[in-house]
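The structure displayed is predicted, hence computed values, not measured ones.
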Amino acid sequence: MAYFSRLTDIVTCNLTKLIDESEDRATAIAEIIREMEDGLGGARRSMQTASSNETRLAGELAQQAEQVTYWADKARTQLKAGDENQARLSLVRKREADSLVAGLHQQHQAAISTREHLATTFRALEARLADARRRQNELTTGTTAESTAPTTPDPIGTSAAQEIEDELAALKRELGQA
């Protein structure tokens, strides 16, 4: 049975309901985790593609911005030399480059937005997967996450782990336990 058809289904799913509705809860959670891991792999690839697109567009944008400067300088040089027709043609080319810069700027902004959205979705998927793994552990050991200390490295990464430690330290200071 396929539980998810889209990545957003993973983020918005009700794990408790999915598990409770299954005949074999252990098999169901294992299948759910496998599908989540597959979705996470696809999300990772999408994030890498979006990041590559953003980088490529930034390069094209810089290149076209250089062309704007080049054609403006060329027009200035040609006008100083008294060649008004060539200066006019250079300004036409500058204008074309300006138009490309405007279009590339919009595409670059869209690429940044897409990358950020995919990164947010990726983190949400990681969190949902970590929750599913905790629930699987609870099913197999019969203990709850609150009663056991984590025995494996944080699956969400070291930067997120550091943010959690910082937040914990802030809570301790707030409660006067620092």
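Once rounded to the nearest 0.5 Å, the distance linking CD1 of Ile19 with CD of Gln136 reads 9.0 Å. Annotation: the span from His108 atom NE2 to Asn53 atom CG amounts to 10.5 Å, rounded to 0.5 Å. Atom CZ of residue Arg45 and atom CZ of residue Phe122 lie 11.0 Å apart, to the nearest 0.5 angstrom. A distance of 4.5 Å separates CD in Gln64 from CG in Leu100, rounded to the nearest 0.5 Å. Distance check: Ile33 CD1 to Leu40 CG gives 12.5 Å after rounding to the nearest 0.5 Å. To the nearest 0.5 Å, atom OG1 of residue Thr77 and atom CD of residue Gln86 are 12.5 Å apart.
The 12-atom threshold is exceeded at CD of Glu37, counting heavy atoms of other residues, nucleotides or ligands nearer than 6.0 Å. Applying the 6.0 Å contact sphere to CZ of Arg95 captures no more than 12 heavy atoms from other residues, nucleotides or ligands. No more than 12 heavy atoms of other residues, nucleotides or ligands sit less than 6.0 Å from atom CD of Gln106.
Looking only at atom types and distance, the side chain of Asn85 has a donor-acceptor partner in the side chain of Arg88 under 3.5 Å away.
The nearest pair of heavy atoms linking Val101 to Leu61 is O-CD1, 3.5 Å. Pairing each heavy atom of Ala111 with each of Leu57, the nearest pair is CB-CD1, 3.8 Å. Residues Ala97 and Gln67 approach most closely at CB-CB, 4.1 Å, considering heavy atoms. Of all heavy-atom pairs spanning Ala26 and Ile29, the tightest one is O-CG2, 3.2 Å. Of all the heavy atoms in Ala43 and Leu125, the pair that sits closest is CB-CD1, 3.6 Å.
Using a 4.5 Å heavy-atom threshold, the side chains of Arg93 and Leu89 count as separate. You'll find the side chain of Glu54 stays beyond 4.5 Å of the side chain of Thr114, heavy atoms only. In this structure, Lys94 and Leu91 have side chains that are in contact, with non-hydrogen atoms separated by less than 4.5 Å. The closest side-chain heavy-atom distance from Thr121 to His117 is below 4.5 Å. Residues Glu167 and Ile164 are not in side-chain contact: their nearest non-hydrogen atoms beyond the backbone lie 4.5 Å or more apart. Glu96 is not listed as a side-chain neighbour of Val68, based on a closest heavy-atom distance of 4.5 Å or more.
Ion pairing between Glu138 and Arg135 fails under the 4.0 Å rule for side-chain N and carboxylate O. In this structure, Glu126 does not pair ionically with Arg123, as no charged nitrogen and carboxylate oxygen lie closer than 4.0 Å.
Taking Asp83 as the reference, nothing meets the salt bridge (Lys or Arg N to Asp or Glu O under 4.0 Å) condition, with sequence neighbours excluded.
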Side chain to side chain contact (heavy atoms under 4.5 Å, CB included) for Leu168 and Glu165? Distances and angles first, verdict last.
CA-CA 5 Å; Leu168 180 63; Glu165 291 302 315; 4.1 Å; yes
Could you check Asp131 against Met36 for side chain to side chain contact (heavy atoms under 4.5 Å, CB included), going step by step and ending with a plain yes or no?
CA-CA 11 Å; Asp131 182 34; Met36 287 179 169; over 6 Å; no
Dump the intermediate steps for side-chain hydrogen bond (donor to acceptor under 3.5 Å, both in side chains) on Ser90 and Arg76, then the final yes or no.
CA-CA 9 Å; Ser90 292; Arg76 190 174 296 108; over 6 Å; no
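Hydrophobic clustering places Leu129 together with Leu118 (ILVMFWY residues linked when any side-chain heavy atoms are closer than 4.5 Å, directly or through intermediates).
No side-chain donor-acceptor contact under 3.5 Å links Ser51 to the backbone of Met47.
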